[in-house]
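What follows is a single structure, written as structure tokens, with notes after it.
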Amino acid sequence: MYLTGEARHYLSSDAAFDSLLPVHIRQLSGIHWTPLNVAFTAAQFLARDPDARIIDVGAGIGKFCIAGSSMSKATFTGIEQRKNFVTIGNKVIKKLGIEGIELIHGNFMDIDLSSFTGIYFYNSFHENLVFSDALDNKVEMSGELYERYSSHLIGQLNAMKVGTRLATFWLSITEIPGCYKLVESHFNGLLKLWVKEY
């Protein structure tokens with residue numbers, strides 16, 4: 001994909017990318033936004049061909065999708081329940097002029113993941129267990145929600161087609177279904193790359 005010099009600049013480092021964001025959102029970067037080197041590695045695995053359709057569950061401001069779309073012709077969708085994050089992310093996408101991204105406001109439990117060929121998951125449910133790590137207080141959080149979200153995601157993973165690719169970063173869900181094979185691990189094991197075998 002062709003990138004303007006401006007887009008290349010902002011995707012050259014995490015600090016450069018963060019400069020696109022409002023200060024209060026930038027302050028979340030160190031913990032909550034995927035580092036670019038991780039995003040590029042995961043996207044390369046998930047976007048194995050131009051027809052790949054990848055979803056980021058709990059996309060935040062869409063940094064993973066932006067990074068992935070900058071290096072691939074695959075389609076990236078991010079779903080995020082905080083509307084202000086979606087608004088900010090879509091402004092960044094427009095500024096950078098990167099295509100092949102859809103950043104939508106909603107809860108992942110309301111969509112069917114089966115139309116996607118790849119899933120990116122950066123521990124989006126953790127804030128329901130450790131409130132001090134929460135991004136803000138704009139959404140409901142509870143241990144019960146953590147269990148419900150985790151159970152739903154595992155159910156969706158089980159229902160995906162054979163060959164589905166999954167990238168997990170800082171995963172706290174206790175287990176990935178046994179039908180997924182771990183094929184690669186990067187960044188001291190924090191990024192794990194999986195393929196559904198049956």
Point to revise | Over 12 non-hydrogen atoms of neighbours within 6.0 angstrom of CD in Glu197 | key: yes
Review point. Looking at CG of Asn90 and CD1 of Ile101, how far apart are the two atoms once the value is rounded to the nearest 0.5 Å?
Key: 8.5 Å
Point to revise | Heavy-atom check, side chain of Leu46 versus side chain of Phe76, under 4.5 Å | key: no
Check your understanding: Do Arg26 and Leu20 have side-chain heavy atoms sitting under 4.5 Å apart?
Key -> no
Check your understanding: Hey, are the side chains of Ile25 and Phe85 touching, using non-hydrogen atoms and a 4.5 Å cut-off?
Key -> yes
Review point. What's the shortest heavy-atom distance between Leu182 and Leu193, and which atoms?
Key: CD1-O, 3.4 Å
Practice item. Over all heavy atoms of both residues, which pair between Glu99 and Ser69 is shortest? Give the atoms and the distance, please. Key: O-CB, 3.5 Å
Review point. At what distance, to the nearest 0.5 angstrom, does CG of Leu96 lie from CZ of Phe17?
Key: 7.0 Å
Exercise for review: Evaluate the side-chain proximity of Ile88 to Pro22: yes if any heavy-atom separation is below 4.5 Å, no if none is.
Suggested key: yes
**Study point:** Closest approach of Ser19 to Ala16 (non-hydrogen atoms, all atoms of both residues)
**Key:** OG-O, 2.5 Å
Point to revise | Nearest-0.5 Å distance, CG of residue Asp56 to CZ of residue Phe116 | key: 10.5 Å
Practice item. Would you indicate whether the side-chain heavy atoms of Trp33 and Tyr122 approach each other to under 4.5 Å? Key: no
Study note, to complete from the structure: Output for pair (Phe121 CZ, Phe108 CZ), nearest 0.5 Å, gives 7.0 Å
Exercise for review: Identify the two heavy atoms, one from Phe64 and one from Ala43, that lie closest to each other, and give their separation to 0.1 Å.
Suggested key: CE1-N, 3.8 Å
Practice item. Nearest 0.5 Å please: distance from the CD1 atom of Ile54 over to the CG atom of Leu166. Key: 12.0 Å
Review point. Side chains of Phe40 and Leu36: does their closest heavy-atom pair fall under 4.5 Å?
Key: yes
